Amino acid sequence: MWTWFHKLGSPPHLYRLAGRLAPWLLWIAIVLIAIGTYGGLVLAPPDYQQGDGFRIIYVHAPSAWMSMSIYAVMATASAIGLIWRMKLAFAVAAASAPVGASFTFLALVTGAIWGQPMWGTWWVWDARLTSELILLFVYFGYMGLRAAFTEVQKADRTSAVLAIVGVVNLPIIHYSVVWWNTLHQASTVTKLDNPSISMNMLWPLLVMIIGFNLFYIAILATRVRSEVLGRERNARWVSEALSDLSPENGITA
Amino acid sequence: MTPRRQRMVGTGLVMAGVALAAVLALRAFQENLMFFYSPTDVIAGSAAEGTRFRLGGLVIDGSLRREIGSLEVQFDVTDTENTMTVVYAGVLPDLFREGQGVIANGYLLADGKFQADEVLAKHDEEYMSPEVAQMLEDRGHPVDGGTAAIEQ
């Protein structure tokens, strides 16, 4: 039962698997994001209060979602790496950080662009916005800490501790709108029993969220491949894989 | 205990410790993390007189009064229990509407009114098309009229 899991721990296996999956995932993601964009910008009706301005939700909400779920992946991979001494888990964490930071940045920027006309301000220091900004800084801290070590193993273990400590921020971000008075509104979609958004506005959002997730996995697969190459550069399978420039290995000259 | 088990317990303890520290810190800063006070908080004395703070609540339907020939507006803000009058001179945000939530940044005047120098619209999490909103209104459930129920 666990053989597939142990196989994932084998660098050449993961390298080939990721190389085979990445283009498929990327294309499905692009199609879904295109459908979601068309649905969100064209098919969905304008909001009764915000008019067309609400449509930024189709980028903002999926980005914010990804900023947190990528962090969860990063922290989980770090914990697996620390506990089971699984090097490839560290590679996944390291490959995830810049992607997560980018989505966090996108969520903050789209939120500010929406906030200026709707709230009347680009930025306020309420609990939701501040905790999301802290998430961005934790991502930066993680990347900076990794870069501070020349030895990969030390970078892996030290940054893993930071990633695990930073997990405490995730429930704070999610529940900030419930625990405190904030300017940011409460969650719309995660009220699963009764989302406060009509169906013809909701489906493009869900398509976008799935598309963003697949996009992340595709990018992650590509980034993990290069991480693995860097970490295993002295291994024999790497020189074999690189000398064999056949397309089925996902390598083009 | 195997080394792996040790590391598992260690990781768990680190997470538990950090979570505990976060809970204690956030509880200590509870007041400061509140972005705004409701009229009831203000009347109960939560917001110190003479200091700047933010007041949040729903704008009562029909309470918006404009000074002719100037930008000055006055409106009443309620949390369904208590009501305060806000005085403001400036541009109101897009989503400012009677019946909608607002957050005003300013200070208390001697006559009990709130002088705001910034007014932000607080959006709720409801999204719907104009047709649906109209339909709800026709059925007697106006969607942006949170105050309708209050005034009855």
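Being a predicted model, the structure only gives us computed values, none of them experimental. Reminder, nothing fancy here: chain letters follow the sequence lines and each chain counts from 1.
B:L95 approaches A:Q50 most closely through the heavy-atom pair CD2-CG, 3.9 Å. Scanning both residues, B:R7 and A:I83, for their nearest heavy atoms gives NH2-O, 2.7 Å. Nearest heavy-atom pair across A:V165 and B:V18 is O-CG1, 3.7 Å. Considering every non-hydrogen atom in both A:T182 and B:F35, the closest pair reads CA-CB, 4.0 Å. Taking both residues in full, the closest heavy atoms of A:A79 and B:T11 are given as CB-CG2, 4.4 Å, listed atom of the first, atom of the second, then distance. For the pair B:A19 and A:V168, the tightest heavy-atom approach, listed with the atom from each and the gap, is CA-CG2, 3.8 Å.
Between chain A and the options B:A121, B:P93, B:A21, heavy-atom pairs under 4.5 Å are most frequent for B:A121. Chosen from A:V124, A:D47, A:L82, the residue pairing most often with chain B at heavy-atom distances under 4.5 Å is A:D47.
Contacts of A:M118 with chain B are made by both backbone and side-chain atoms, with heavy-atom separations under 4.5 Å. Heavy atoms of B:V119 lying under 4.5 Å from chain A belong exclusively to its backbone. Proximity to chain A is limited to the side chain of B:M15, based on heavy atoms less than 4.5 angstrom apart.
B:F36 places none of its side-chain heavy atoms less than 4.5 Å from the side chain of A:D126.
The stretch residues 77-90 of chain A participates, sequence neighbours left out, in no side-chain hydrogen bond (donor to acceptor under 3.5 Å, both in side chains) pair at all.
In this structure, A:Q153 places its CD atom where only 12 or fewer heavy-atom neighbours from other residues, nucleotides or ligands lie under 6.0 Å away. The environment of A:F149 atom CZ is dense: over 12 non-hydrogen atoms of other residues, nucleotides or ligands sit within 6.0 angstrom. The number of heavy-atom neighbours closer than 6.0 Å to CZ of B:R65, taken from other residues, nucleotides and ligands shown, is above 12. A:F215 CZ: 12 or fewer foreign heavy atoms inside a 6.0 Å radius.
Rounding to the nearest 0.5 Å gives a distance of 12.0 Å between CH2 of A:W119 and CD of B:E118.
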